[in-house]
Amino acid sequence: MTALDLELLRKTAGQGTPETRSAAYSLDRMTTLQLAKRTVIFTVDAAGIASLVDAARKDIPGLTSNQMFQSVANHNPDTFWAITKRDRFNIGKPTGEGFLAVLPLTHEGTRRLIDGRLDTCNPEMCFVARQSERPAGIYVWAIHAKGCIAAAIPLVLQKFSTPLYRGVNIYSRPVTKEGLRVLEPLGFTAGAHYDGLFAPHLQMFDRTNDLPVVETIPQDSVTVEVVRSMDEMARVIAIRGAVYMAEQRCPFEEEFDGNDFSATHLICHKDGEPVGCIRIRYFADFAKLERLAVRHEGRGGGLAGRILDAAIDLCRKKGYSVLYAHSQRRLLRVWEQRGFRRMGARDLVFSDFDYVEVKLETEKHPQSITLSDDPYVIIRPEGRWDTPGILERSAGRGVCPAATGR
Ligand SMILES: CC(C)(COP(=O)(O)OP(=O)(O)OC[C@H]1O[C@@H](n2cnc3c(N)ncnc32)[C@H](O)[C@@H]1OP(=O)(O)O)[C@@H](O)C(=O)NCCC(=O)NCCS
């Protein structure tokens, strides 16, 4: 969904061969000041979005509805940027002449963009990252920037260079032959990849090397890990004791129901303090997520979402594509935000709360563990299948005399 002045954009980004252009004028190298001289970018309200999208409709047939742009901006205000010439900008009555809209996508949203399952005209909000949430990919959703305001496109994209977005790849779908080269001067190249998937019809601005050196990265203080020790299990028990037994008055025998030793547990730490957990149990055709808990002092900051993302990822790597859970009826939204959907009317009640069945139908991870994998990979610690484990290092010791019966 693109309409803009290609020549102008080229001039803005610089001239030369594609090689020299991408090296010398790529998005991350252009000076914002040069571009900012003549244009201004700003956010607008619902009416502002409607008038800009209506104007764009003349140039872009099949453009997404005004309401959809507004819903996405409601969900994440950093998605819709109006553009105008600096000399026409009036803060008292800011009016745009063009716009650029993006979809900051979650992990599952980015997967779906690449494999074609994301409905980019009517995206489900569960696949759009919220304002303070780091997206897994950024999709250039629509551009309407004709004439000299096209020069502001790099300005908008530079909004996605803050620490929250650094290193996140930007994707676009050129719909016309001309559109194919629209973003090329900024560093976009044909073909897009994510999480082992590849889409030849998309363009991608690869920013994986744009991650700041380790010392300057603000350390992500949140971790979600597979429980591997008794100490970590004690932390899980403490969290569930506080959340379920103390808050929800769940009897001990019901909370610790005899299934804890036949499950995988994930523990979430924030600033080194255990704050949340989840339990996963495995069946032939599906994995069941349960006992999701975040201590009340850690709530409202997206930790449940982080824990669910980690659990979903682990299950997909183990080869599961169907994930099942019982959601407390009042907390359905927590699950729906991660793509789970209600299954039917087999509602249930236990431990004094009412539950509904929810299911996520996803795809197994492209690198999920199978019998054809190296046997040393299969014996690596759960969830760390990309890194050599302690047992394969032990192979270097060879076979001991006891093994040969000597
Ligand atoms: C449910 C629980 C895990 C949510 O943890 P959290 O870290 O606060 O959740 P998040 O911040 O990731 O919220 C994700 C979304 O869930 C929804 N949500 C969270 N708590 C909610 C609540 N109490 N009621 C309704 N929706 C809620 C919100 O929509 C939120 O998104 P938004 O506010 O950005 O729109 C936490 O409140 C908890 O441990 N509760 C007690 C244990 C429990 O009942 N577990 C669930 C069993 S199904």
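Indexing begins at 1, ligand by ligand and atom by atom, following the structure's order. Both backbone and side-chain heavy atoms feed into the values below; hydrogens, waters and symmetry mates do not. One is the number of the first residue; the rest follow in order along the sequence.
- Here's the thing with Arg333: one of its N/O atoms is less than 3.5 angstrom from an N/O atom of ligand 1.
- Nearest-residue assignment for atom 8 (O) of ligand 1 (options Cys268, Gly298, Gly300; heavy-atom criterion): Gly300.
- Ring centroid separation for the pair Phe89 and Phe42 comes in under the 6.0 Å cut-off.
- Nearest protein neighbour of atom 36 (C) of ligand 1, counting heavy atoms only, is Arg299 NE, 3.4 Å.
- Remark: minimum distance from atom 11 (O) of ligand 1 to any protein heavy atom is reached at Gly302 N, 2.8 Å.
- Look at Asp347 and Arg329 and you find a salt bridge, because one of the NZ, NE, NH1 or NH2 atoms lies within 4.0 Å of a carboxylate O, short of that distance.
- Counting heavy atoms closer than 4.0 Å to ligand 1, residue Val334 contributes atoms from both its backbone and its side chain.
- A salt bridge does not link Arg341 with Glu361: none of the charged nitrogens is closer than 4.0 Å to a carboxylate oxygen.
- Put simply, atom 29 (O) of ligand 1 has protein non-hydrogen atoms near it, under 4.0 Å away.
- A cation-pi geometry, defined here as NZ or CZ lying under 6.0 Å from the six-membered ring centre and within 45° of its normal, does not hold between Lys359 and Phe286.
- Nearest to atom 47 (C) of ligand 1 among the protein's heavy atoms is Tyr244 OH, 3.6 Å.
- At under 3.5 Å, not a single nitrogen or oxygen of Leu331, backbone or side chain, sits near a nitrogen or oxygen of ligand 1.
- Scanning all protein heavy atoms for the shortest distance to atom 4 (C) of ligand 1 gives Ala304 CB, 3.7 Å.
- Polar contact with ligand 1: present for Arg130 (N/O pair, distance under 3.5 Å).
- Scanning the protein heavy atoms around atom 48 (S) of ligand 1, the nearest turns out to be Gln328 N, 3.3 Å.
- Using a 4.0 Å cut-off between a side-chain N of Lys or Arg and a carboxylate O of Asp or Glu, Glu382 and Lys317 do not qualify as a salt bridge.
- The proximity of Gln337 to ligand 1, defined as any non-hydrogen pair under 4.0 Å, is limited to the side chain.
- Not less than 6.0 angstrom separates the ring centroid of Tyr139 from the ring centroid of Tyr171.
- Between Gly305 and ligand 1, at least one pair of N/O atoms sits closer than 3.5 Å.
- Contacts between Arg295 and ligand 1, counted as non-hydrogen atom pairs separated by less than 4.0 Å, are absent for every part of the residue.
- Looking at Val294 against ligand 1, both its backbone and its side chain come within 4.0 Å, counting heavy atoms.
- At a heavy-atom cutoff of 4.0 Å, ligand 1 is contacted by no atom of Phe353, backbone or side chain.
- Annotation for Ile390: atom CD1 does not count as buried by contact number, only 12 or fewer foreign heavy atoms lying within 6.0 Å.
- When heavy-atom distances to ligand 1 are checked against a 4.0 Å cut-off, Gln248 comes that close only through its side chain, counted from C-beta outward.
- A salt bridge links Asp115 with Arg117; the closest basic N to acidic carboxylate O contact falls under 4.0 Å.
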